[in-house]
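Here's the structure, in structure tokens; my notes come after.
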2 protein chains.
Amino acid sequence: MPNDLDTVFAALADPTRRAILAMLLEDDMAVTDVAEPFEMSLAAISKHLVILTKAGLISQEKRGRVKWCKLEPDALRTASVWMQGFGQFEPVNLDAFERFLEIELPTPDEA
Amino acid sequence: MPNDLDTVFAALADPTRRAILAMLLEDDMAVTDVAEPFEMSLAAISKHLVILTKAGLISQEKRGRVKWCKLEPDALRTASVWMQGFGQFEPVNLDAFERFLEIELPTPDEA
DNA sequence: GGATTGGTCAACCATTTGGTTGAATATGCG
DNA sequence: CGCATATTCAACCAAATGGTTGACCAATCC
């Protein structure tokens with residue numbers, strides 16, 4: 001499922017994928033154009049795009065024979081909120097953050 | 001090298017490690033106590049702690065025969081800054097966080 | 001000193017990850 | 001139609017990941 005923290009963080013852990021996200025920040029791009037600056041096969045990039053899509057970080061839409069890739073910031077927001085909770089627990093509202101964690105914590109299986 | 005985005009995000013991608021971070025948010029803990037709630041060996045937890053340490057997310061200090069683990073939120077801030085660098089979301093506001101709590105997550109009875 | 005507790009190390013294993021190549025599947029173009 | 005373009009699929013591979021177990025070191029207690 002999209003926006004799952006496991007998949008989002010795993011997707012972000014690869015420098016190629018972060019570079020792709022940075023490129024898509026500029027504009028939507030076709031798969032071939034995404035692949036162009038990288039020194040790896042198109043198939044490899046295609047796999048990376050699948051991973052980013054499954055993480056909900058991008059969406060892909062096929063128009064004609066071209067598949068367009070678009071940044072989807074919502075999944076990033078989820079992860080960002082999670083992280084910022086740690087970084088900023090001093091100011092206040094530790095309680096709310098810990099309630100959030102208790103929701104996230106007991107899901108090792110993720111049905 | 002701590003605070004490298006690859007290692008930070010990779011460390012965060014594992015639910016056990018995120019749970020450990022959440023526990024350390026409460027207080028510093030000894031390795032054995034960190035391991036206690038998990039259904040895996042102490043050695044496995046020890047490995048997770050090494051990964052978190054290498055990512056700079058925690059620090060470990062040995063006092064006597066007990067090794068204490070301490071949350072180090074700076075690495076998280078680094079990653080958070082990276083996301084803000086190309087994300088549109090503002091650096092934390094608690095409003096967004098609480099909206100997240102209410103909307104993005106199903107509200108459990110126990111929390 | 002000897003047993004116990006806290007934690008890591010080393011070897012091992014299964015699974016996942018990130019890449020390759022070559023064939024296959026659209027779609028668009030002349 | 002026939003060919004080029006865009007993208008994925010499938011099989012394969014090496015390396016990394018996440019776990020196990022048993023041996024090992026270091027500190028503490030009696």
Side-chain angles (χ1 to χ4, degrees), chain A residues 1 4-24 27-71 105-110, chain B residues 1 4-24 27-71:
Chain A
M1 302 304 277
D4 173 68
L5 284 175
D6 281 27
T7 49
V8 170
F9 281 129
L12 293 176
D14 185 279
T16 300
R17 290 193 288 264
R18 288 198 308 276
I20 290 173
L21 292 178
M23 290 165 60
L24 291 178
D27 209 346
D28 299 358
M29 295 179 77
V31 173
T32 305
D33 296 329
V34 170
E36 195 271 332
F38 295 98
E39 286 179 354
M40 70 180 71
S41 69
L42 183 60
I45 295 294
S46 180
K47 282 189 186 177
H48 280 304
L49 292 172
V50 167
I51 290 170
L52 288 169
T53 301
K54 283 188 177 160
L57 289 164
I58 68 168
S59 60
Q60 292 183 285
E61 183 200 354
K62 193 167 179 183
R63 283 204 298 275
R65 64 181 166 181
V66 174
K67 202 165 187 178
W68 293 89
C69 305
K70 181 178 184 301
L71 194 64
L105 197 142
T107 56
D109 309 322
E110 198 73 7
Chain B
M1 308 191 183
D4 174 67
L5 284 176
D6 281 27
T7 47
V8 170
F9 282 130
L12 294 176
D14 185 280
T16 300
R17 290 192 289 265
R18 288 199 308 278
I20 290 173
L21 291 178
M23 290 165 60
L24 292 178
D27 209 345
D28 299 357
M29 295 179 77
V31 172
T32 305
D33 296 329
V34 169
E36 195 272 332
F38 296 97
E39 287 179 354
M40 70 179 73
S41 69
L42 182 60
I45 295 295
S46 180
K47 282 188 187 178
H48 280 303
L49 292 172
V50 167
I51 290 170
L52 288 169
T53 301
K54 283 188 177 160
L57 289 163
I58 68 169
S59 60
Q60 292 183 284
E61 182 200 355
K62 194 167 179 180
R63 283 202 299 272
R65 67 180 165 183
V66 175
K67 202 165 188 179
W68 293 90
C69 306
K70 181 178 184 300
L71 193 65

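Values below: all heavy atoms of this structure, side chains included; hydrogens, waters and symmetry mates excluded. Labels below follow one simple rule: chain letters A, B, ... track the order of the sequence lines, proteins then strands, and each chain is numbered from 1.
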**Item:** The single option from Leu71(A), Leu24(A), Leu49(A), Leu21(A) passing side-chain contact (heavy atoms from CB on, under 4.5 Å) against Leu57(A)
**Value:** Leu21(A)

**Message:** At less than 3.5 Å, do the side-chain atoms of Arg65(A) and the base atoms of dA6(D) form a donor-acceptor pair?
**Reply:** no

**Asked** 5'-most contact on DNA chain C: Lys47(A) or Val50(B), nearest heavy atom basis?
**Response** Val50(B)

**Prompt:** Could you give the CH2-to-C1' distance, from Trp68(B) to dT8(C), as a whole number of Å?
**Reply:** 18 Å

**Prompt:** What is the nucleic acid contact for Arg17(B), judged by heavy atoms within less than 4.0 Å: base, sugar-phosphate only, or nothing?
**Reply:** sugar-phosphate

**Message:** How many whole angstroms separate atom CD1 of Ile20(B) from atom C1' of dG7(C)?
**Reply:** 14 Å

**Prompt:** Which sits closer to the 5' end of DNA chain D, Ala43(B) or Ile51(B), going by the nucleotide each is nearest to?
**Reply:** Ile51(B)

**Complete:** Taken to the nearest whole Å, CZ/Phe9(A) to P/dT17(C) is 17 Å

**Request:** Ignoring the backbone of Ala44(B), work out which of dG19(D), dT21(C), dG6(C) is nearest its side chain.
**Result:** dG19(D)

**Message:** Strictly below 4.0 Å, N to O, side chains only: are Arg18(B) and Asp6(A) in salt-bridge contact?
**Reply:** yes

**Complete:** Of the listed dC9(C), dT8(D), dA26(C), the closest approach to the Lys62(A) side chain comes from dA26(C)

**Item:** Ser41(A) side chain, from C-beta outward: closest of dG7(C), dT21(C), dG19(D)
**Value:** dT21(C)

**Message:** With heavy-atom distances below 4.5 Å as the criterion, would you say the side chains of Asp33(A) and Met23(A) are in contact?
**Reply:** no

**Asked** Is Ser46(B) near enough to dG7(C) that one of its side-chain N or O atoms lies under 4.0 angstrom from OP1 or OP2?
**Response** no

**Request:** Rounded to the nearest 0.5 Å, what's the gap from CG on Asp27(B) to NZ on Lys70(B)? Could you check?
**Result:** 10.5 Å

**Prompt:** Over how many whole Å does the gap from Leu49(B) atom CG to dG6(C) atom P extend?
**Reply:** 15 Å

**Spacing of Lys67(A) atom NZ relative to dT25(C) atom P, expressed in whole Å** = 16 Å

**Asked** Which whole-number value in Å describes the distance from Lys54(B) NZ to dT8(C) P?
**Response** 12 Å

**Request:** Would you kindly give the CG-to-P distance between Asp14(B) and dA16(D), to the nearest whole Å?
**Result:** 18 Å

**Fill in**
In whole angstroms, the gap separating C1' of dC9(C) from CG of Leu42(B) amounts to 12 Å

**Message:** Can you tell me how far apart CE (Met40(B)) and OG1 (Thr16(B)) are? Round to the nearest 0.5 Å.
**Reply:** 3.5 Å

